[in-house]
Student: 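Dropping a structure here in C-alpha cells format, bear with me for questions.
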Amino acid sequence: MGHFGKTRISVDELYHGIINHDRLMLSKAITLIESRRKDDITRGAELLDKIISHSGKSIRLGITGVPGVGKSSFIESFGSQLTQKGHRLAILSIDPSSSKSGGSILGDKTRMEQLSHDPNAYIRPSPAGQTLGGVNNKTRETILLCEAAGFDIIIVETVGVGQSETAVKDMVDCFLLLMLSGGGDELQGIKRGIMEMADIIAINKSDGDNVGASKQTKKILENAVHLFPPHEINWVVPVSLCSALTKHGITEIWDDINRFIALSQSENFFKHNRQIQNAHWYRQLVDEEIKHTYFDEEKRARYRQIEAKIIANEMGVRNGLRKLFES
C-alpha cells in the first residue's frame with residue numbers, strides 16, 4: 001500500500017503537494033494513512049505533524065439519515081450550491097458495514113455524479129474492510145489532510161445507520177439529521193438518541209404529493225425537539241423542509257448551519273468542542289494501542305477461554321477479569 005508505483009514519494013513531497021492543493025498528492029497521502037504497514041504508519045504520523053498547522057480552518061459537518069432518505073441526492077444538491085458560492089468541499093463517508101458487504105469502492109463516486117466532476121469537490125469513500133474504530137480514526141486524519149489541502153467545508157456522512165452516528169458526531173462541528181415525512185412510523189424507525197444528537201433536522205423529499213405529510217411531520221418533530229435535553233449552547237434545533245429534487249429549502253439549511261456555527265463561536269463552544277473531541281480521540285487511540293500491545297497470541301487464547309466460561313455461566317465476569325490479568 002505504501003509504495004506508490006515504483007518510486008516512493010517522500011513525506012516532504014506529499015506535504016508540499018497537499019499545501020499547494022494537489023489533489024493527486026492528497027489522495028496518495030490518504031492512502032498512506034490508511035495503510036497498516038509499519039513504515040507507512042510512521043511516515044503517516046510524520047506527515048500529519050507537518051500539516052497540522054495548516055489544518056482546522058474549515059466547517060466540519062456531519063450528515064446522517066435512515067436508508068432511503070435521499071442522502072446522496074441531498075449532498076449532491078447541497079454541495080453543488082456550496083461550490084457555486086466559491087467553497088471547496090470534501091465529502092468523506094463512514095461505512096462500518098462495508099467490511100461485511102465488501103461494498104464497492106466506486107459506489108460513492110457514482111452516487112454523486114455531478115459533484116464527482118466538480119473541480120471544487122473531492123469525494124473519498126471510507127476504507128473498506130475496517131472496523132468502525134479504524135474507519136473513525138482514518139476519517140479524522142483525512143479531515144486534517146483535506147483541510148490542509150484548502151477544503152473549507154468537510155462533510156462526513158454516515159452510510160451505515162446505528163453505531164456510526166456517535167463516531168461522526170464526535171468529529172464534526174455541526175450534525176445534520178435528514179428525515180422523511182410520514183408521521184409516527186418514521187419517528188419509530190430512528191433512535192431517539194440519534195435525534196438528540198442532531199443540531200439541525202431537515203425533512204427531505206418535501207415535494208409533490210409529500211408536501212402535506214412533510215408539514216405534519218415538521219410539527220411533530222418541532223414538538224419532540226422541546227422534550228430533548230437542552231443543547232450545550234442556547235440553541236433550539238430547527239426543523240426545516242427541503243427537496244433535493246427541486247432544490248427547495250437547501251439554501252435555508254446552509255443558513256441554519258451558519259447560524260449554529262456563529263452561535264457556537266460566540267459562546268466559545270466551537271473551540272471547546274474541538275478540544276474535547278481531540279482529547280477523546282487521543283484516549284481512544286491510547287486504549288486501542290494498549291489492547292494491541294498487551295494482547296499477544298497467548299493472551300488472546302486465554303481471553304477466549306475465559307470468555308467461553310463466562311458465556312457458559314461457569315465463571316463470573318469479575319473473576320474472569322482477575323484471572324485474565326493474573327496470567
Student: Find out if a path of hydrophobic residues (ILVMFWY) with successive side-chain heavy-atom gaps under 4.5 Å connects Val211 to Leu180.
Tutor: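 No, no single cluster joins them.
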Student: Given 3.5 Å as the limit, does a donor-acceptor pair link the side chain of Glu76 with the main chain of Gln114, or not?
Tutor: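 It does hold such a pair.
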Student: Please check: side-chain N/O of Trp235 versus main-chain N/O of Asp199, any donor-acceptor pairing under 3.5 Å?
Tutor: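 Present.
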Student: Could you see if Ile154 belongs to whatever hydrophobic cluster contains Ile52? Use Ile, Leu, Val, Met, Phe, Trp, Tyr and a side-chain cutoff under 4.5 Å.
Tutor: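 Different hydrophobic clusters.
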Student: A quick test of your reading: do over 12 heavy atoms of other residues, nucleotides or ligands sit less than 6.0 Å from NZ of Lys271?
Tutor: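 No, NZ of Lys271 has 12 or fewer neighbouring heavy atoms, counting only those of other groups under 6.0 Å.
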Student: I'd like to know if Lys218 and Glu222 make a salt bridge, using a cut-off of under 4.0 Å between side-chain N and carboxylate O.
Tutor: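 Yes.
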Student: Side-chain heavy atoms under 4.5 angstrom apart, residues restricted to Ile, Leu, Val, Met, Phe, Trp, Tyr: same cluster for Ile75 and Leu245?
Tutor: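 Per the 4.5 Å side-chain linkage, Ile75 and Leu245 are not co-clustered.
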Student: Identify, with sequence neighbours excluded, every residue that meets side chain to side chain donor-acceptor pair (under 3.5 Å) alongside Ser58.
Tutor: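 Per chain and number, Ser58 pairs via side chain to side chain donor-acceptor pair (under 3.5 Å) with Glu147.
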Student: Counting distance only, does the side-chain N/O of Asn20 pair as donor-acceptor with the main-chain N or O of His16 below 3.5 Å?
Tutor: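 Here the side-chain-to-backbone pair exists.
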Student: Could you tell me which residues satisfy side chain to side chain contact (heavy atoms under 4.5 Å, CB included) with Leu227, sequence neighbours excluded, listed by chain and number?
Tutor: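 If we apply the side chain to side chain contact (heavy atoms under 4.5 Å, CB included) test to Leu227, skipping adjacent residues, there are no hits.
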Student: For the pair Lys205 (side chain) and Gly68 (backbone), establish whether a donor and an acceptor sit closer than 3.5 Å, ignoring hydrogens and angles.
Tutor: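 Flag set: sc Lys205 to bb Gly68 pair under 3.5 Å.
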Student: Under 3.5 Å, side chain of Ser55 to main-chain N/O of Leu144, donor-acceptor pair present?
Tutor: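 Not at all, since once roles are kept as given, no pair shorter than 3.5 Å links the two residues.
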Student: Flag the pair Arg140 / Gln284 as yes when at least one side-chain heavy-atom distance between them is below 4.5 Å, and no otherwise.
Tutor: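 Yes; the side chains approach each other to less than 4.5 Å.
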Student: In this structure, would Leu14 and Leu24 fall into the same cluster of hydrophobic residues linked by side-chain contacts under 4.5 Å?
Tutor: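 No: no chain of side-chain contacts under 4.5 Å links Leu14 to Leu24.
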Student: Does atom NZ of Lys291 have more than 12 heavy-atom neighbours from other groups under 6.0 Å away?
Tutor: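 No - once you tally the heavy atoms of other residues, nucleotides and ligands closer than 6.0 Å, there are 12 at most.
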Student: Salt bridge between Arg124 and Glu34, side-chain N to carboxylate O under 4.0 Å?
Tutor: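 Yes, this pair counts.
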Student: When you look at CG of Asn223, are more than 12 heavy atoms from neighbouring residues, nucleotides or ligands closer to it than 6.0 Å?
Tutor: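 Atom CG in Asn223 is crowded, with more than 12 foreign heavy atoms closer than 6.0 Å.
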Student: For Lys169 and Met197, indicate whether the former's side chain and the latter's backbone hold a donor-acceptor pair under 3.5 Å.
Tutor: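 Answer holds: yes.
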Student: Mind running side chain to side chain donor-acceptor pair (under 3.5 Å) on Asp207 and Thr246 for me, showing each step along the way?
Tutor: CA-CA 7 Å; Asp207 46 48; Thr246 66; 5.1 Å; no
Student: Which atom pair, heavy atoms only, marks the closest approach of Asn273 to Asp173?
Tutor: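 Distance-wise, the nearest heavy atoms are ND2-CA, 4.4 Å.
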Student: Would you indicate whether the side-chain heavy atoms of His272 and Gln275 approach each other to under 4.5 Å?
Tutor: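 Heavy-atom side-chain distance check passes, below 4.5 Å.
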Student: Output yes when a side-chain donor or acceptor of Ser35 lies under 3.5 Å from a complementary backbone atom of Thr31, and no otherwise.
Tutor: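 Between the backbone of Thr31 and the side chain of Ser35 there is no qualifying donor-acceptor contact (under 3.5 Å).
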Student: Sequence neighbours left out, what passes side chain to side chain contact (heavy atoms under 4.5 Å, CB included) with Ser206? Give chain and number order.
Tutor: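 Side chain to side chain contact (heavy atoms under 4.5 Å, CB included) list for Ser206, sorted by chain: Ile203, Ser214, Leu241.
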Student: Do Glu288 and Asn137 have a side chain donor and acceptor closer than 3.5 Å?
Tutor: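 Glu288 vs Asn137: donor-acceptor pair found between side chains.
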Student: Rounded to the nearest 0.5 Å, what separates atom SG in Cys242 from atom CD1 in Ile253?
Tutor: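 Cys242 SG to Ile253 CD1: 4.0 Å, rounded to 0.5 Å.
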Student: Do Ile257 and Leu61 come within less than 4.5 Å of each other through their side chains, counting heavy atoms only?
Tutor: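 Touching, per the 4.5 Å side-chain cut-off.
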Student: Using atom types as modelled and distance alone, determine if a side-chain donor or acceptor of Asp40 lies under 3.5 Å from a backbone N or O of Leu32.
Tutor: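 Judged by distance alone, no pair lies under 3.5 Å.
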Student: Are the side chain of Asn204 and the backbone of Ala244 linked by a donor-acceptor contact shorter than 3.5 Å?
Tutor: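 Between the backbone of Ala244 and the side chain of Asn204 there is a qualifying donor-acceptor contact (under 3.5 Å).
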Student: How would you list, by chain and number, every residue that makes a side chain to side chain donor-acceptor pair (under 3.5 Å) with Ser266, sequence neighbours excluded?
Tutor: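 Applying side chain to side chain donor-acceptor pair (under 3.5 Å) to Ser266 gives none.
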Student: Residues in side chain to side chain contact (heavy atoms under 4.5 Å, CB included) with Thr139, at least two apart?
Tutor: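 Listed in chain order: Leu92, Ile94, Val135, Val156, Met171.
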Student: Give a yes or no answer on whether the side chain of Ser77 reaches the backbone of Phe74 with a donor-acceptor pair at less than 3.5 Å.
Tutor: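 No, Ser77 side chain to Phe74 backbone: no donor-acceptor pair under 3.5 Å.
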Student: Given the rule in the side chain to side chain donor-acceptor pair (under 3.5 Å) test, do Ser240 and Glu252 qualify, once you have shown the distances and angles that lead to the verdict?
Tutor: CA-CA 8 Å; Ser240 62; Glu252 287 73 7; over 6 Å; no
Student: Mind checking whether Phe260 and His231 have parallel, tilted or perpendicular rings, split at 30° and 60°?
Tutor: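 Judged by the thresholds at 30° and 60°, the geometry between Phe260 and His231 is perpendicular.
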Student: Would you check if His87 and Leu89 make a side-chain contact, meaning some heavy-atom pair closer than 4.5 Å?
Tutor: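 Not in contact.
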Student: Do other residues, nucleotides or ligands put more than 12 heavy atoms under 6.0 Å from Lys215 NZ?
Tutor: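 Counting other residues, nucleotides and ligands, NZ of Lys215 stays at 12 neighbours or fewer.
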Student: Test of understanding: with side chain to side chain contact (heavy atoms under 4.5 Å, CB included), list the residues that count as partners of Ala148, not counting sequence neighbours.
Tutor: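 Side chain to side chain contact (heavy atoms under 4.5 Å, CB included) list for Ala148, sorted by chain: Ile18, Ile51, His54.
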Student: More than 12 non-hydrogen atoms from neighbouring residues, nucleotides or ligands closer than 6.0 Å to OH on Tyr303, yes or no?
Tutor: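 Incorrect, the count does not exceed 12.
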Student: Hey, are the side chains of Leu48 and Leu145 touching, using non-hydrogen atoms and a 4.5 Å cut-off?
Tutor: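 Yes. Closest side-chain heavy atoms under 4.5 Å.
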Student: I'd like to know whether Arg300 forms a salt bridge (charged side-chain N to carboxylate O under 4.0 Å, His left out) with Glu297, so could you lay out the CA-CA distance, the side-chain angles of the two residues, the decisive distance to 0.1 Å, and finally the verdict.
Tutor: CA-CA 5 Å; Arg300 277 200 188 96; Glu297 261 317 297; 3.6 Å; yes
Student: Under 4.5 Å between side-chain heavy atoms, counting indirect links through other Ile/Leu/Val/Met/Phe/Trp/Tyr residues: same cluster for Ile310 and Phe325 or not?
Tutor: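 Same cluster.
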